[in-house]
Amino acid sequence: MYGWRGTILRVDLTTEKVTKQPLDESVARKFIGGRGFNSKTLFDEVKPGVDPLGPENILCLAPGLLSGTPLGLTSRLEVSTLSPYSGILGDGNVGGAFATFLKRAGYDQIVITGQASRPKYLWIDDGQVELRDAADLWGKTTWETTDLLWQRHGKQISVAAIGQAGENLVRAASTIVDKHSSASRGSGAVWGSKNLKAIAVRGSGRVELAKRGEFKQLAREDREFFLQDHLQHEVIAVYGTHIGMMSWWPGYRYFQKYLSGDEIPEPLVPEGWKKYETGRTSCYACPVGCKDVYRIPSGKYAGEEGAGLEFECIACLGTNCGIEDPIVIMEMENLADKYGMDVIALGNAVAFAKELYRRGTLTQEDTGGLSLDWENAPAQLELVHQTAMREGFGNLIAEGMYSLAKIVGQGAMKTCYHVKGLSRGPHPPGLFALAHATSTRGADHLRGRSWAYGENDPEAFPELVNRGLVPDVSTDPVGSLTISERATTISDAIGRCKGAVNSWVCAVPLVWKQPLWGGLARLLTAATDLDFDASGLEEAGERIYALERAFNIRQGITRADDRLPQKPEVKETPQGAEERKQHAEMLAEYYQGHGYDPETGIPTRERLERLGLKSVADELEAHLPVPRWDGPPLWPLDQYPHGGKRA
């Protein structure tokens with residue numbers, strides 16, 4: 001198969017059987033790759049009532065259709081599962097080199113089932129695949145694990161691994177690729193539950209392209225855009241996502257307020273981080289290089305290096321937890337990478353606990369003597385350790401923000417600002433809140449970004465609006481969300497970095513000569529020799545999103561879960577009621593445009609059949625009604641002993 005490699009790798013950990021399954025071309029065409037493949041597999045094979053940390057759950061890893069090709073910014077891997085953090089769809093999109101190497105090794109997806117009887121790692125050397133003993137790796141950090149596998153198999157491999165957090169079933173545990181790239185949303189705990197420590201891959205093959213000459217020319221145009229674009233080479237390549245501290249309004253002390261650019265503590269502004277920077281790095285074959293390499297100058301970890309410190313760590317483990325010391329933030333970033341934890345989910349849970357502590361709902365008796373004062377950085381560092389190891393109060397933080405609220409009780413849920421278990425804080429009604437409310441993996445900034453189709457480009461955006469190719473955000477926010485939702489979905493399916501979404505949808509290649517999606521359609525046609533067109537791509541994005549929605553519906557998600565988080569002091573006021581009304585009106589418009597039932601939020605049979613998902617409609621009808629969603633299932637906390645799994 002051109003573009004794809006034509007093989008799905010299936011690994012049954014219970015029987016230790018590895019099989020290679022031909023990729024169905026009709027599935028490939030309808031679901032593209034990456035996130036599309038994984039979401040379809042999850043819907044087909046994970047049924048309602050499955051324990052996310054039981055052997056019946058599955059783990060999927062898939063590169064995108066364009067991963068491993070000459071097109072830059074395409075080394076993105078989708079890691080998907082039933083999330084033990086949220087109890088719904090859990091997928092993380094991660095960079096590094098793994099997606100490229102896996103594709104070059106000959107595989108479009110890995111599907112992992114069952115549970116190993118003892119620690120294992122998967123070794124993929126092109127066509128040779130085997131499960132190997134990982135007893136010597138168990139208990140080690142992701143950094144130690146990766147170094148040992150590099151020593152064993154050579155540096156020309158990529159490693160996806162878990163640390164102690166995944167082994168100890170911390171619900172916010174991540175899959176860490178090549179030490180510094182994180183696939184979040186709870187996948188690491190699923191690896192741990194399956195006794196799978198790592199996957200190492202060497203890929204030396206080539207992705208065959210139908211029209212290699214044309215494809216390479218389009219890839220060159222694409223690369224030239226990123227080398228010349230002001231935003232990319234003068235901002236992103238210099239500061240990376242640190243620039244968000246000035247424009248993305250990070251939370252302050254559990255969302256007491258959001259900080260404007262002039263309120264950011266001076267040590268945390270983008271230029272302030274330069275004093276610790278020793279270089280820049282990037283994912284495989286990326287012409288931008290958005291990631292910093294830094295060295296911690298003093299303290300317990302003096303001299304230790306790290307990479308890829310993002311805005312989310314600074315905001316979630318930093319300002320929103322009351323920590324403003326850049327050295328401590330770098331220390332926590334490195335600990336999260338080594339232990340294998342999602343900095344967003346971890347930071348939000350810690351900030352929430354600190355707010356409960358401030359209100360008196362939690363006391364030092366509850367925390368085992370650990371101070372949760374906002375500015376107490378040493379105590380927060382200790383809490384990060386405790387969480388990864390499930391020691392002390394960290395055992396509660398390890399359950400995640402939503403589950404922590406359920407466990408604590410005493411009205412804690414009133415200040416748990418979440419959507420489907422994940423948090424981006426409380427927001428007034430509008431496009432931002434709607435995007436988080438309707439995201440298929442809970443409150444999330446990478447599912448439906450309103451700016452995904454180019455409004456940041458001062459030349460492209462007005463031109464696109466004037467030509468009627470995209471809706472104007474100010475006058476049609478729901479239409480804007482729909483476009484960006486499909487754009488980010490297809491980005492995850494082709495393996496493209498979302499930092500490039502502005503470009504590949506409407507700017508590159510041939511900025512003004514292509515309709516919306518036209519440039520990408522040309523790329524995919526040149527890659528696969530199948531006749532992709534703009535409308536078909538947009539429909540594919542809608543199909544994947546509707547399938548994910550159906551998966552969550554089957555897990556108990558209803559219209560009520562597409563919620564607007566509000567602070568208690570706002571919620572019980574006329575202003576709060578008006579805000580909910582505004583949100584409900586936007587949500588109704590969103591449902592209508594997507595073909596969802598206005599009362600339940602369930603995709604209608606008519607819309608599902610139009611998208612070629614008749615079997616999904618049948619499956620939904622067979623399982624409704626399902627129990628209401630209430631987060632992942634919990635066990636008695638005394639069944640999580642230090643260093644071990646639940647009894």
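In this chain, numbering begins with 1 at the start of the sequence shown.
- Using a 4.0 Å cut-off between charged nitrogen and carboxylate oxygen, Glu399 and Lys406 do not count as a salt-bridge pair.
- Arg543 and Leu611 get closest at one heavy-atom pair: NE-O, 2.6 Å.
- Electrostatic pairing of Arg447 and Glu548 counts as a salt bridge here, judged by a charged N lying under 4.0 Å from a carboxylate O.
- Of all non-hydrogen atoms in Ala336 and Val343, the two that sit nearest each other are CB-CG1, 3.6 Å.
- The salt bridge (Lys or Arg N to Asp or Glu O under 4.0 Å) search around Glu355 returns Arg358, Arg359, not counting sequence neighbours.
- Sequence neighbours left out, the pairs with a member in residues 350-373 that pass ring pair (Phe, Tyr, Trp, His ring centres under 6.0 Å) are Tyr254-Phe352.
- Aromatic ring pairs are classed by plane angle as parallel below 30°, tilted from 30° to 60° and perpendicular above 60°; the pair Tyr596 and Tyr590 is perpendicular.
- Using a 4.0 Å cut-off between charged nitrogen and carboxylate oxygen, Lys47 and Glu619 count as a salt-bridge pair.
- Less than 6.0 angstrom separates the ring centroid of Tyr258 from the ring centroid of Phe255.
- The pair Arg185-Asp342 meets the salt-bridge criterion, with a side-chain N (NZ, NE, NH1 or NH2) lying under 4.0 Å from an Asp/Glu carboxylate O.
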Given Asn38 and Glu78, is the side chain to side chain donor-acceptor pair (under 3.5 Å) satisfied, shown in steps? CA-CA 8 Å; Asn38 286 358; Glu78 198 77 9; 6.0 Å; no
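- The closest side-chain donor-acceptor pair between Glu263 and Ser260 falls under 3.5 angstrom.
- The closest side-chain heavy-atom distance from Lys420 to Asp562 is below 4.5 Å.
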Trace of the side-chain contact (heavy atoms from CB on, under 4.5 Å) decision for Ile329 with Leu317: CA-CA 7 Å; Ile329 292 172; Leu317 280 167; 5.8 Å; no
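- The aromatic rings of His418 and Trp629 lie tilted to each other, with the angle between the two planes from 30° to 60°.
- The minimum heavy-atom distance linking Ala435 with Gly448 is given by the pair CB-O, 3.2 Å.
- Between the side chains of Arg390 and Asn168, no donor-acceptor pair of N or O atoms lies under 3.5 Å.
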Stepwise side-chain contact (heavy atoms from CB on, under 4.5 Å) test for Glu621 and Arg605: CA-CA 9 Å; Glu621 290 180 0; Arg605 172 172 285 278; 3.0 Å; yes
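- Side-chain rings of Tyr417 and His427 stay apart, their centers remaining 6.0 Å or farther from each other.
- In this structure, the side chains of Arg424 and Asp444 stay at 4.5 Å or more apart for every pair of heavy atoms.
- With respect to Lys354 and Asp373, no salt bridge is recorded, no charged nitrogen being found less than 4.0 Å from a carboxylate O.
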